[in-house]
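As structure tokens, the structure follows; a few thoughts come after it.
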2 protein chains.
Amino acid sequence: MDDRAATDLAMLVLRAATEVVDGVQAGMAARGYDDLRPAHGFAFARIAAGDTTVVDLAEHLGTTKQAASQLVAGLVERGYVVREPDPRDARARLLRLTDAGEACTRAAEEAAAEVVAGWGELLPGASLGALHAILRRVVTPGPLRPAW
Amino acid sequence: MDDRAATDLAMLVLRAATEVVDGVQAGMAARGYDDLRPAHGFAFARIAAGDTTVVDLAEHLGTTKQAASQLVAGLVERGYVVREPDPRDARARLLRLTDAGEACTRAAEEAAAEVVAGWGELLPGASLGALHAILRRVVTPGPLRPAW
DNA sequence: CCTTCTAGTCAATTAGATTGACCACATGGT
DNA sequence: ACCATGTGGTCAATCTAATTGACTAGAAGG
């Protein structure tokens, strides 16, 4: 694959990501969640995994702990997240989704699935599975930067 | 493909995009371009295509024309872009890359190709081509949002 | 007990983007 | 030819989200 094709592939990945983000955002708005940005969604995904502190979140989002702290403050204000004491460390606060937060997470997953389903209609047979398999191979774990 | 797998695929796409952006950013810094953000690169790509005005750029980036104008002002200051009169419309200004701008664009393409080449090493045979083919099918043209 | 490191927040500043106002010119109708 | 309306672009003010810096409370280890 020459440079031209490689650059083109990189662009396609970026454009696909933009479609995901915009699609999820639109799907969320359609479900009544119009006060959340994509960064919030990424935070939800991490918090839902459990055992998450503000510092963990900051690493996951690739930002500073202060930025993560502010983000969480907003989510707490809106009732999506609660801060609970960490039984093992009195300094730390474990983050947990409220019922509203879990409902919101499900809505985001539905919206994401819709975008992917739309892709499925454009592709023959098992291509979606192939896409999944290929990406799983190349992608390494790391921060999911909410802003470029 | 169920919701779980679909959500997972969406996440993989986002993570892949983050890898591209971070990789290009690192590659650019390694080549001495440490004063440019990803958004600048997206602007370069559009301007390089030719016949671009500020308003075109704003659409391409999915932002306001004011934001695009400010971005261009920065690029002009740094000597990457010049504004030229549009022979067909005295209001409009056509944007054109300077030699420095073109060199920068080539550097970005090299950096992007490096990222993709890294993926190629993780994949068997023609998978990279398959990835390209699949993405080209699902992706529709549209803004390449530099920020989520 | 003392030093050092880490989790988290508060405060001030900054970078980028947005909204609103505005000018110069284009376009189309009368 | 003229006038109304629409578009390309910039300037200015404001807002948002992030960063840097300083600090407190508690952990960890000698």
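Any value given below was found using the heavy atoms of this structure, including those in side chains, with hydrogens, waters and symmetry copies removed.
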Select from B/D89 and A/V55 the residue whose nearest nucleotide in DNA chain C is closer to the 5' end of that strand.
A/V55
Output the rounded distance in Å from CZ (A/R37) to C1' (D/dC15).
13 Å
Any link between A/V20 and A/Y33 through a network of hydrophobic side chains (Ile, Leu, Val, Met, Phe, Trp, Tyr) touching at under 4.5 Å?
yes
Heavy-atom check, side chain of B/D8 versus side chain of B/R4, under 4.5 Å
no
For D/dT10, does OP1 or OP2 lie under 4.0 Å from any side-chain N or O of B/R83?
yes
Would one find a side-chain N or O of B/T64 under 4.0 angstrom from OP1 or OP2 of C/dT18?
yes
Take atom CZ of A/R93 and atom C1' of C/dT6, then tell me their distance rounded to the nearest Å.
16 Å
Heavy atoms only, 4.0 Å cut-off, all strands: where does A/A67 land among base, sugar-phosphate and nothing?
base
Before accepting this row, confirm whether a basic side-chain N of the pair B/E110/B/R106 lies closer than 4.0 Å to the acidic partner's carboxylate O.
no
Please give, in whole Å, the distance from D/dT7 P to B/K65 NZ?
10 Å
Roughly how many Å is it from NE2 in A/H40 to C1' in D/dA18, rounded to a whole number?
13 Å
From the list C/dT9, C/dG8, C/dT19, which nucleotide is the closest neighbour of the side chain of A/T53?
C/dG8
Mind calculating the distance between CZ (B/F42) and C1' (C/dG16) to the nearest angstrom?
16 Å
Starting from the first five and the last five pairs of the helix from C/dC1-D/dG30 to C/dT30-D/dA1, work out the angle between the resulting helix axes, to 10 degrees.
30°
How would you label the contact of A/R88 with the nucleic acid (heavy atoms, under 4.0 Å): base, sugar-phosphate, or nothing?
nothing
Residue A/A92, side-chain heavy atoms: nucleotide from D/dG8, D/dT10, C/dG8 that is nearest:
C/dG8
Length of the CG-C1' vector between A/L71 and C/dT9, whole Å:
15 Å
Tell me the interatomic distance from A/D56, atom CG, to C/dG8, atom P, rounded to whole angstroms.
8 Å
Decide yes or no for B/M28 and B/D34: does some side-chain heavy atom of the first lie under 4.5 Å from some side-chain heavy atom of the second?
no
Under 3.5 Å donor-acceptor, A/R15 side chain and B/P143 backbone:
yes
So, does the side chain of A/Q70 form a donor-acceptor pair with the base of C/dG8 at under 3.5 Å?
no
Which nucleotide wins on minimum distance to the side chain of A/Q66, given the candidates C/dC10, C/dT18, D/dT10?
C/dC10
Residue-phosphate contact under 4.0 Å: A/S69 side-chain N/O, C/dT9 OP1/OP2:
yes
Of the candidates C/dC25, D/dA18, C/dT6, the side chain of A/R91 sits closest to C/dT6
Does a side-chain N or O from A/T63 land closer than 4.0 Å to OP1 or OP2 of D/dA18, or not?
no
Rounding to a whole Å, what distance do you find between B/L61:CG and C/dG16:C1'?
13 Å
Which part of the nucleic acid, if any, lies within contact of A/A90, taking any heavy atom under 4.0 Å across all strands shown: a base, the sugar-phosphate backbone alone, or nothing?
sugar-phosphate
Starting from A/V55, can I reach A/L61 by hopping between I/L/V/M/F/W/Y residues whose side chains sit under 4.5 Å apart?
no
With a 4.0 Å cut-off, would you call A/D86 and A/R88 a salt bridge?
no
Side chain to side chain contact (heavy atoms under 4.5 Å, CB included) assessment of A/H40 paired with A/Y80:
CA-CA 10 Å; A/H40 294 126; A/Y80 294 120; over 6 Å; no
